[in-house]
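Below, chains carry the letters A, B, ... as their sequence lines are ordered, and counting in each starts from 1.
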Amino acid sequence: MKEDMVELLWDGLLQTLYMVAWSSVFALILGALLGITLVVTEKGGVLPVPRLNRVISTAINGVRSIPFIILIVLLLPLARLIVGTSLGPTAAIVSLSIGAAPFLGRIIESALREVEPGKIEAAKSVGAHPLTIITQVIVPEALPALVRGVTIAVISITEFTAVAGAIGAGGLGSLAIRFGYQRFRTDILLGTVLLIILIVQILQWSGDYIARSIDRKRYKSG
Amino acid sequence: MIVVRELNKSYATRDGKVSALQDINLSIKKGEIFGIIGASGAGKSTLIRCLNRLEQPDSGSVEVAGTNITELKGKELRLARRRIGMIFQQFNLLEAKTVYGNVAFPLRVAGFSKQETRERVHDILELVGLSDKLNVYPSQLSGGQKQRVGIARALAVEPDVLLSDEATSALDPQTTYSILELLQDINRKLNLTIVLITHEMDVLRHICVNAAVIEGGRIVENGPVEQLFYRPESETAKQFVNIFNYYKDANGAEKAAILR
Ligand SMILES: Nc1ncnc2c1ncn2[C@@H]1O[C@H](COP(=O)(O)OP(=O)(O)OP(=O)(O)O)[C@@H](O)[C@H]1O
Ligand SMILES: [Mg+2]
């Protein structure tokens with residue numbers, strides 16, 4: 001154990017949190033757009049555009065079938081275009097956001113699909129506008145499922161962030177590779193693993209807590 | 001109030017087209033409680049859902065309060081739907097909203113002010129007897145209470161017509177009875193036209209004046225409920241009356257108590 005360890009781990013942790021936070025925000029925005037569009041534009045949805053639905057669905061499947069590490073490499077030019085560099089945490093946020101968005105899209109889609117069609121029909125029957133149905137009925141009704149799904153997705157983004165570290169994104173993943181793997185610093189390797197476990201646990205706890213408090217409010221139990 | 005002409009509806013399924021409604025003609029007067037009875041799969045839900053265009057008919061027309069519903073699109077359709085309330089077998093309340101929120105929803109949709117919304121919600125909840133449940137979530141209500149919220153939601157904007165698709169089928173006999181009483185009460189107070197789907201003769205006999213019998217997507221009998229009971233002509237009506245009489249004899253005392 002060397003005296004540089006705490007500082008290295010601290011910096012790595014901050015970088016990782018920085019990447020996870022911003023990638024999650026952007027991926028969530030993109031994913032929500034994709035997920036909501038998928039649900040409302042399908043045949044029989046509140047704003048049916050089956051053709052757009054097929055295009056988006058196919059695009060999502062395409063992106064999701066590319067292994068993540070390859071996707072990052074593919075997105076490097078885009079990162080350079082947007083933030084001026086293809087190295088470091090900020091560049092990684094671009095790749096992570098776009099890489100995780102289709103995954104979030106599917107997660108959000110499946111959460112929204114759980115809303116009983118009868119509730120949507122009840123809203124239609126009082127003459128509600130499709131946008132009102134989306135914002136006042138579909139999303140609020142699916143909220144606990146959405147929170148649970150997004151928690152899973154943010155945890156996946158944390159894992160992706162560590163992988164991105166392998167190709168110069170910085171953060172805990174890159175520490176593990178540079179020190180743990182290349183310089184045989186077992187202390188740093190273990191430190192990064194512990195910190196990542198800790199992040200994942202905190203995310204899971206928070207997600208569960210939020211979802212459970214919504215459920216408790218609505219159902220007074222569980 | 002409601003005039004249905006030459007209505008046809010089919011569903012496209014994997015095995016080809018399935019005809020759900022054929023040549024439906026129907027006329028329902030303002031202020032009456034009109035029953036539609038038929039066996040499972042006869043097309044009752046499809047018919048009532050064509051009345052507010054939750055289902056798109058293939059051909060024919062549906063006129064409600066002078067408006068031809070079948071021709072409307074977008075905003076016009078939404079405005080027309082506000083004149084037609086609907087209640088459902090599974091209640092379909094929003095679990096994310098309290099009783100207040102559920103009843104206020106159609107008022108917000110229709111652009112009522114906060115103040116007006118509050119007044120109307122209070123009035124209508126009093127009418128259905130749920131004033132004390134304002135801030136409760138639907139999950140904490142009994143089936144009968146949920147349906148009362150459903151009725152309050154459907155009536156909040158004071159529509160001309162109330163459509164009821166088996167609204168009492170998920171309820172026990174006592175609760176069914178109290179909901180029917182409520183509908184009858186509202187029908188008298190507001191001169192509301194009610195179209196009521198059921199597969200229970202009891203329900204028909206209790207509150208409907210006129211009724212149609214639907215069989216395999218066609219209306220096979222249409223007229224006063226009395227006539228259905230004493231001189232049933234269609235197979236469906238005969239069967240329903242037989243079943244009804246059978247149960248009435250089987251436990252006469254109990255049923256009589258419910259029907260009074
Ligand atoms: N979405 C659909 N797709 C295909 N066929 C359908 C669809 N909805 C209804 N049908 C068919 O149309 C016919 C009429 O159905 P409908 O739901 O109107 O019957 P119902 O009289 O309401 O029956 P129940 O008493 O069981 O509710 C049935 O044969 C049914 O299988
Ligand atoms: Mg039905």
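Taking non-hydrogen atoms and a 4.5 Å limit, the residue list of residues 39-51 of chain A in contact with chain B is empty.
Within the 3.5 Å criterion, the main-chain N or O of A:Gln136 finds a donor-acceptor partner in the side chain of B:Lys97.
Only the side chain of A:Glu116 comes within contact range of chain B, with heavy atoms under 4.5 Å apart. Heavy atoms of A:Ala142 lying under 4.5 Å from chain B are absent altogether. Of the atoms belonging to B:Leu93, it is backbone heavy atoms, and not side-chain ones, that fall under 4.5 Å from chain A. B:Arg53 does not touch chain A: none of its heavy atoms, backbone or side chain, sits under 4.5 Å away.
Of all non-hydrogen atoms in A:Ala122 and B:Arg153, the two that sit nearest each other are CB-NH2, 3.4 Å. Closest of all the heavy-atom pairs between A:Val126 and B:Val109 is O-CG1, 3.9 Å. The minimum heavy-atom distance between B:Gln140 and A:Lys217, with the atom names listed, is NE2-O, 4.2 Å. Taking both residues in full, the closest heavy atoms of A:Glu121 and B:Leu54 are given as O-CD2, 4.1 Å, listed atom of the first, atom of the second, then distance. Closest heavy-atom contact between A:Ser125 and B:Asn52: CB-ND2, 3.7 Å. In terms of heavy atoms, A:Pro140 sits closest to B:Ala96 at O-CB, 3.8 Å.
Taking a 6.0 Å sphere around NZ of B:Lys30, one finds it holds more than 12 heavy atoms contributed by other residues, nucleotides or ligands. Heavy atoms of other residues, nucleotides or ligands lying less than 6.0 angstrom from OH of B:Tyr11 number more than 12.
In this structure the side chain of B:Met86 never reaches within 4.5 angstrom of the side chain of A:Lys124, judged on heavy atoms.
Each of B:Arg81, B:Lys75, B:Arg78, B:Arg108 has some count of heavy-atom pairs under 4.5 Å with chain A, and the biggest count is that of B:Arg78.
Of the inter-residue distances, the one linking B:Glu95 atom CD with A:Asp215 atom CG reads 9.5 Å to the nearest 0.5 angstrom.
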